[in-house]
Asks: 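Handing you a structure now.
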There are 2 protein chains.
Amino acid sequence: MRDIKLSESQPKQRLLAAAEQLFAEKGFESVAVRDVTQLAKANVAAVNYHFGSRDRLVALVVARYLAPFNQERLDRLDVLERRAPSKVVPIEEIIHALIRPLVGMVGKTELSEALFCKLLGRILALPEEALSAEVVEQMKVSNNRFMRAIGKVLPTVPQEDLQWRMHFLVGSLVHLLTHQDWLRSLSNGTSGSPALEVMLGRFVRFAAAGLREGVEIEVSAPTGPQALFDF
Amino acid sequence: MRDIKLSESQPKQRLLAAAEQLFAEKGFESVAVRDVTQLAKANVAAVNYHFGSRDRLVALVVARYLAPFNQERLDRLDVLERRAPSKVVPIEEIIHALIRPLVGMVGKTELSEALFCKLLGRILALPEEALSAEVVEQMKVSNNRFMRAIGKVLPTVPQEDLQWRMHFLVGSLVHLLTHQDWLRSLSNGTSGSPALEVMLGRFVRFAAAGLREGVEIEVSAPTGPQALFDF
DNA sequence: GTCTATAAAGTGATAGAC
DNA sequence: GTCTATCACTTTATAGAC
């Protein structure tokens, strides 16, 4: 599990990459400053010099992933709604807007796909108190926009039910990202760890069905929802 | 958040109750032995004397909740299958067998309902390496039994898909139990924290729809699935 | 910017008196 | 069983030399 790029000559970048890898592997609470500096082959004091404190390093990593994630979510939702100003946007496409940003982000990271997933799962599972006020606000804005969009597609479902179902959806996503070990173990290796793309495909079908529960018109779900969206 | 019963005269019971409360509130990794002894009004050495070590205390708490939880899950599934040996068991009732044990357990604990939920959510979100071999085996047995039962109700869904959907289901449950703070915050207080019963009702509908995704016959879902089951 | 040295507080665990 | 005292170690952070 040593996939830090030591080619990064700047110590600050090395420290950041090392921190992200370790946070992904062991969680934010279980990583000591010394673990980071050791993996980054930097000095013990380097984290405090470059980032101020351990807490500020954590906050930086969280914001560095959460901000663009939420931004691209909103951008994708904008595209969807602009494309169909009057028509309702299919629920599958809304869910895609909610999760596909992961695929774009994994390409830009130094982390392996598996570690990137774990890191984002851990970030999305943080309690509200662990996040800065700005990040919490971002989460609320994103949630509000998506809740309104989903409310338009499923007008017969009470808003409170939708809020709960969104909560369940996030839980499924977090678990998918963070705990693939259990899936492999429980299925006796039958269900391996496929590419992120494939996992998200399964996820969309599950989540769409859950959100739509109780809505009579089930005809709007073609077998290949991805085909409706040009990535 | 101080709801430890100091009436428990036995120090060992006080320590256990204090540990459970703190683990629920802050997570297993963020609780020091000294936090536990302090809340239990016991000596610093008490945890090591009564439980051997911090790790053994954690393992005890985990096993104390996970073992009866899994056991009652299996018992309930037995009842369902014995009741309908030839007929298929509705998916809603299988999910009920999977989650209703929580309701019975919350009554037997000294913890408040909110803390009980958090504790069980944290336990269900532990990585496999953090669990003893026995507990892992229990989880596998339970999973296999339920996977077979669900496979019988949804024979047209490939087993691998069902395994993934079960994984999503567990994620939703963990999130529901552990992160209600986000739900309250994101809904601007609209979606409060109702009784466990109500939350599980919402959960069953969401999870059942997700598991059933793609199965044509959608007629078998009455509006009140709870009414089919006599608790 | 990078290093060593060290501070100051916290960690789990234990020996030994009572 | 319960307590105090303490060990051996780790933690984050910083002062000051280079």
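Throughout, a chain's letter reflects where its sequence line sits, starting with A, and its residues are numbered from 1.
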Asks: Have B:Gln159 and B:Gln163 got a donor and an acceptor in their side chains that come within less than 3.5 Å?
Replies: no
Asks: What is the distance from CG of A:Leu57 to C1' of D:dT11, rounded to the nearest Å?
Replies: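 To the nearest whole Å, that distance equals 15 Å.
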Asks: Between A:Arg54 (side chain only) and A:Val33 (backbone N and O only), is there a donor and an acceptor less than 3.5 Å apart?
Replies: no
Asks: On a heavy-atom basis, which atom in A:Leu176 and which in B:His167 lie closest, and how many Å separate them?
Replies: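 So the minimum-distance heavy-atom pair works out to CA-CE1, 4.0 Å.
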Asks: In whole Å, what is the span from the CZ atom of A:Arg56 to the P atom of D:dT14?
Replies: 12 Å
Asks: Specify the separation, in whole Å, of atom CD of A:Gln38 and atom P of C:dC3.
Replies: 14 Å
Asks: Find the distance A:Lys12:NZ to C:dT2:C1' and express it as a whole number of Å.
Replies: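 Taking atom C1' of C:dT2 as the reference, NZ of A:Lys12 is at 15 Å.
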Asks: Tell me which one of A:Val36, A:Leu60, A:Val58 satisfies side-chain contact (heavy atoms from CB on, under 4.5 Å) with A:Phe51.
Replies: A:Leu60
Asks: What string of B, S and - do you get for nucleotides 10-15 of chain C 5' to 3' if you count protein non-hydrogen atoms under 4.0 Å?
Replies: -BBBB-
Asks: Does a donor on one side chain sit under 3.5 Å from an acceptor on the other, for A:Thr190 and B:Glu160?
Replies: no
Asks: If you count heavy atoms of other groups shown closer than 6.0 angstrom to CD of A:Gln38, is the number above 12?
Replies: no
